[in-house]
Amino acid sequence: MSAYRTGDPLDRRRFLTAAALRGATVIGTGALSASALSTGVLGTRVTGATGTTGATGVIGATALGAVDADAAFAAPIRPLDPAVARSAFAEGRIAAINGDVLEVAGSYGDHSRVRITGATSVWKGRATTAADIDTGDGLYARGLPLPDGTLAADAVWVNIVNLHTTIRGIEKTRLHLAHGQHEIIGNLMAERTSAAYGDTSPTADLSRLTIGQSAQVLGAWRPSDGSVDLVRVAVAPGAGRRR
C-alpha cells in the first residue's frame, strides 16, 4: 500500500513531480504567492469542530487540514487531540472503482486502496463529488489508515497539477506553456480561471499575462488529451503589461 506518513511536505511533492507528463498526476515543488496560498482556490479555508462518521472512525476534513487545492501542498498538521492519528497519503492512477473503494496504482509500482466516505471532500478542478471520479484519473488522497489496509480519505484531489512553466503563446481559450522540454496546453475556463500577479489577490482579469512570462499554474489535468484546465496562473510581482 502506498499510503504513508511524512513530516516533510516536500517529500510528497517530489514524490509526484513530473508524473502527469508521464501520464499520471503532478504535484510540483514550488510555492505560490503568499496571497494566492492564503486565499485558496475554493474560497476561505474551513476551520472548526472535528467530526467522525461513526463506525469507521473517519475524521472529518477539518481535523486533518484544509480541503481546497492549495491544501494538497501544505505540511501535514498535527492533531490537537492525541486520540486522533496523524494523516496518511496515497497517490497514483485509478485502475478500478469498486463501490466506494478506489484501486490506485502508485507511481512506483505500489498499490493502494482509497475508501470514499460521506465525509470525503473531492476536488477535480473545482469542488465536486465522487461521481466525477473516473478510472484513469490521477489521484492524491489524504486520510486515515483503517485496519483493513485501506485509506479512509477525508480529502481527494483528482488530476491536480502544480507546475512551473513559461508562457509561450496566448489564445482566447488557451495558453501554450512550456515545462522543461514538455509543451502543455492550458485551457482557460470562463468564470473559473484566475490570475495572481505577484502578491495581489487572484483576479479574473487575465489581460496582464504576456508571452515569455514565468508562471506557476494550478489546475486539473485531462487524461484524454494531456491538456490542463487552468484554475490559477501566478506570475511574478510587477509582471506584464496590458495586451
Side-chain angles (χ1 to χ4, degrees), residues 2-3 9 12-30 32 36 40-42 61 66-74 89-97 100-108 110-116 120-143 151 153-165 173-177 179-180 182-194 215-234:
S2 64
R12 292 185 280 125
R13 295 169 189 169
R14 291 173 181 148
F15 189 67
L16 297 177
T17 296
L21 305 176
R22 302 194 305 266
T25 293
V26 169
I27 289 188
T29 60
L32 293 169
V41 173
L42 305 179
V67 295
D68 62 14
D70 292 313
F73 316 106
F89 301 87
E91 65 80 40
R93 197 161 184 181
I94 300 171
I97 301 175
D100 60 359
V101 175
L102 309 178
E103 304 289 344
V104 180
S107 297
Y108 294 93
D110 51 355
H111 177 268
S112 59
R113 302 175 74 243
V114 176
R115 185 176 300 278
I116 304 298
T120 303
S121 170
V122 178
W123 184 95
K124 191 177 183 179
R126 57 185 174 83
T128 186
T129 68
D132 280 342
I133 300 175
D134 299 311
T135 56
D137 282 339
L139 171 145
Y140 184 65
R142 181 188 67 202
L151 178 73
D154 81 309
V156 171
W157 295 273
V158 182
N159 295 336
I160 189 168
V161 297
N162 179 16
L163 298 171
H164 290 289
T165 69
T173 60
R174 62 184 184 174
L175 299 180
H176 295 266
L177 305 167
H179 174 72
H182 300 275
E183 296 295 326
I184 300 171
I185 298 298
N187 304 304
L188 299 173
M189 302 176 293
E191 301 181 358
R192 288 175 58 191
T193 302
S194 65
Q216 187 168 4
V217 297
L218 178 65
W221 166 64
R222 288 188 185 181
S224 60
D225 61 12
S227 66
V228 174
D229 290 340
L230 299 176
V231 173
R232 186 169 65 230
V233 182

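Of all heavy-atom pairs between A220 and K124, the closest is CB-C, 4.3 Å. Residues I133 and I97 come closest through the heavy atom pair O-CD1, 3.6 Å. Shown here for A130 and I116, the closest heavy-atom pair between the two residues is CB-CG2, 3.9 Å. For N159 against D137, the heavy-atom pair with the smallest separation is ND2-OD1, 3.0 Å. Considering every non-hydrogen atom in both V161 and W221, the closest pair reads CG1-CB, 3.7 Å. In terms of heavy-atom proximity, S112 sits nearest to A90 at OG-CB, 3.7 Å.
Under the rule for a salt bridge (charged side-chain N to carboxylate O under 4.0 Å, His left out), E183 has no partner lying at least two apart in sequence or in another chain. Considering only residues two or more places apart in sequence or on other chains, T120 meets the side-chain hydrogen bond (donor to acceptor under 3.5 Å, both in side chains) condition with T117.
Counting heavy atoms from C-beta on, the side chains of D154 and R142 come closer than 4.5 Å. By the 4.5 Å heavy-atom criterion applied to side chains, L139 and R93 are not counted as neighbours. For the pair I94/D134, no side-chain contact is recorded, criterion being any heavy-atom separation below 4.5 Å from C-beta on. Side-chain contact between N162 and L218: present, with at least one pair of heavy atoms (C-beta onward) separated by less than 4.5 Å. Side-chain contact between L230 and L175 is present, with at least one heavy-atom pair separated by less than 4.5 Å. Contact of the R222 side chain with the D229 side chain is registered, since non-hydrogen atoms from C-beta on lie closer than 4.5 Å.
Looking at R192, its side chain does come within 3.5 Å of a backbone N or O of G125 through a donor-acceptor pair. Formation of a donor-acceptor pair under 3.5 Å by the H179 side chain with backbone atoms of H164 is found in this model.
Put simply, CE on M189 and OG1 on T173 are 12.0 Å apart, with the number rounded to the nearest 0.5 Å. The CZ atom of R232 lies 11.5 Å from the OG1 atom of T193; values are rounded to the nearest 0.5 Å.
Partner of W123 under the side-chain contact (heavy atoms from CB on, under 4.5 Å) criterion, out of D132, V158, V231: V231 alone.
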Determine, step by step, whether I185 and H176 satisfy the side-chain contact (heavy atoms from CB on, under 4.5 Å) criterion, reporting the C-alpha distance in whole Å, the side-chain angles of both residues, the deciding distance to 0.1 Å, and the verdict. CA-CA 5 Å; I185 298 298; H176 295 266; 3.3 Å; yes
Would you please test V217 and V228 for side-chain contact (heavy atoms from CB on, under 4.5 Å) and show each step? CA-CA 9 Å; V217 297; V228 174; 5.5 Å; no
